Amino acid sequence: MTMLNETHNPALQSWMASANTPGTDFPLQNLPFAVFRRPGAGEAFRCGVAIGDQIVDLAAVAHSGVLAGEAAAAAQAGAQDKLNALMALGTSAWSALRLALSRALREGAAEQAALQACLVPQAEVAYDVPARIGDYTDFYTSVHHASNIGKLFRPDNPLLPNYKWVPIGYHGRASSIGVSGQQFRRPIGQTLPPGADAPSLGPCKRLDLELELGIFVGSGNALGEPVPITRAEDHVFGICLLNDWSARDIQAWEYQPLGPFLSKNFATTVSPWVVTLEALAPYRVAFTRPEGDPQPMAYLDSAANRAEGAFDIQLQVGLQTPKMREAGQPDASICRTTYRHAYWTVAQMLTHHTVNGCNLQPGDLLGSGTLSGPTLDQAGALIELTAGGKNPIVLPNGEQRTWLEDGDSVVLRGWCEREGAARIGFGECVGKVLPARP
Ligand code: MN
């Protein structure tokens, strides 16, 4: 578990002025990773680190020789077109690179001139999915989401008996994961319309979003070797925003007995920026279980996990309709919550995933599951916000939505703030619904 160190000092200022602007997502204390290039210039994708409104180009840093030792080796791994090589190096390398960049980007640093030559403005770049994602697993770690969904399908028995014992998940699909800016066609699939006696094939009529976080695996584990919870976070590179778009009508018809399939695998959108667990250290909070609930089984329990295994990450969902876009209106907030409400922690997810010997690999992605909080305004999906499509939400311009319509954009945002620490952010995760294929 990462301890606080000099890189978290809220008093640190950068020679890059935009990193010191109050409210920026990317101050000196954050230093998240992405994969980027300037489009149209024939450039290759490479890894970079955000500082204010700029990107530190790790390929340029590696070439410049400005860093030394383990940090230089980490920057060299970051010269590749995906984060996998850097992810595979492990916590010591990630931490060495963070410390070296933190020092070199500080006001008065001797490396200023050398690093200035390695900066690329964020406004000029296009991003790619940050890692080569071998496998994607989506969990279900919000008990509030599980209960709300359960009530719609099983009013008498909303929460299945396994929920409070085992972190529920299913294997998703990696090929359709796209980076922020992703646009996708409304999926076509089999549904059983209400009252019909046979299913039909057609465009999804109940298209939804899911507010989630994505957890990127760093160093992997060998097949057959479980990761104990005390070591679980050593295998986590960082966290991004994730929208697990969902076709609820397709899901309702197909999900039994093996779980979601085509209702989920047509598109998943992640934010370009991955915030490291080290950057998130100041925002750790205790993992707690409501009184009367089963306590975690021994393999899912540790003193550190109880003391600070959860993260207080603020989350928001915005929706922009085509009408709002045409009128120049920004997206409207439809949900505001925090990750601290999750029932299972990052460490518990990773440990459970490997308890049977399953091997995780660098770049694998774990979805948190929809992160609904305890009250309705904290629900991270339309199926909850509209009670299964019964109560439309009303947007500031008077438009209503029960499900997503063609042309709608969804924006996820995340940030951390607390007294005595710098505010850091995740940037945005934006995706847009296009009409179904004719
Ligand atoms: Mn999901």
Side-chain angles (χ1 to χ4, degrees), residues 129 133 135-153 158-160 162-163 166-180 182 184 187 189 204 206-217 239-256 258-271 313 315-317 334-335 337-339 341-346 348-350 352-353 364-373 378-386 388 403-404 410-412 414 426 429 431 433:
V129 175
I133 301 169
D135 281 296
Y136 162 46
T137 305
D138 198 22
F139 281 85
Y140 201 50
T141 65
S142 163
V143 70
H144 307 294
H145 174 68
S147 301
N148 291 340
I149 295 289
K151 267 177 220 154
L152 295 173
F153 290 96
L159 206 60
L160 294 170
N162 57 2
Y163 189 85
V166 55
I168 302 292
Y170 70 96
H171 284 117
R173 186 155 188 93
S175 65
S176 51
I177 298 174
V179 76
S180 182
Q182 184 176 27
F184 61 92
C204 164
R206 294 160 68 103
L207 186 60
D208 203 350
L209 62 104
E210 287 191 344
L211 166 65
E212 303 197 17
L213 289 171
I215 294 105
F216 273 107
V217 173
I239 298 182
C240 68
L241 303 168
L242 186 153
N243 190 343
D244 180 25
W245 307 94
S246 297
R248 299 301 183 194
D249 44 357
I250 297 172
Q251 185 177 357
W253 172 236
E254 76 173 6
Y255 88 107
Q256 286 177 324
L258 289 185
F261 181 32
L262 301 179
S263 55
K264 298 281 191 172
N265 68 6
F266 54 93
T268 306
T269 310
V270 294
S271 61
I313 300 173
L315 297 165
Q316 191 220 348
V317 181
I334 60 170
C335 162
T337 186
T338 144
Y339 186 37
H341 298 307
Y343 198 80
W344 299 102
T345 64
V346 169
Q348 287 169 327
M349 273 190 271
L350 192 130
H352 182 67
H353 206 313
D364 281 359
L365 182 64
L366 313 182
S368 62
T370 306
L371 291 172
S372 298
Q378 298 173 65
L382 288 173
I383 191 170
E384 296 166 73
L385 292 167
T386 67
W403 308 103
L404 294 172
V410 175
V411 187
L412 309 186
F426 286 71
C429 175
V433 181

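Treat the numbers as computed from the prediction; the structure is a model and nothing was measured. Order of appearance sets the numbers: ligands from 1, and atoms from 1 within every ligand.
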Do the ring planes of Tyr140 and His145 sit parallel (below 30°), tilted (30 to 60°) or perpendicular (above 60°)?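 Plane angle over 60°, so perpendicular.
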
Is it the case that the side chain of Asn148 and the backbone of Glu384 share a donor-acceptor pair, with hydrogens and angles ignored and the cut-off at 3.5 Å?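 Checked: no pair found.
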
Using atom types as modelled and distance alone, determine if a side-chain donor or acceptor of Glu254 lies under 3.5 Å from a backbone N or O of Leu262.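 Yes: the side chain of Glu254 pairs with the backbone of Leu262.
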
Under 3.5 Å, is there a donor-acceptor pair linking the side chains of Ser246 and Gln251?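 No, because no side-chain N or O of Ser246 sits under 3.5 Å from a partner of the opposite role on Gln251.
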
Checking Gln378 against His144: is there a side-chain donor and acceptor pair closer than 3.5 Å?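 Per modelled atom types, His144 and Gln378 side chains form no pair under 3.5 Å.
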
Below the 2.8 Å mark, what number of protein N, O or S atoms do you get around the Mn ion (ligand 1)?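 The number of such protein atoms is 4.
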
Who are the salt bridge (Lys or Arg N to Asp or Glu O under 4.0 Å) partners of Arg206, not counting sequence neighbours?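 Checked Arg206 against salt bridge (Lys or Arg N to Asp or Glu O under 4.0 Å); zero matches.
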
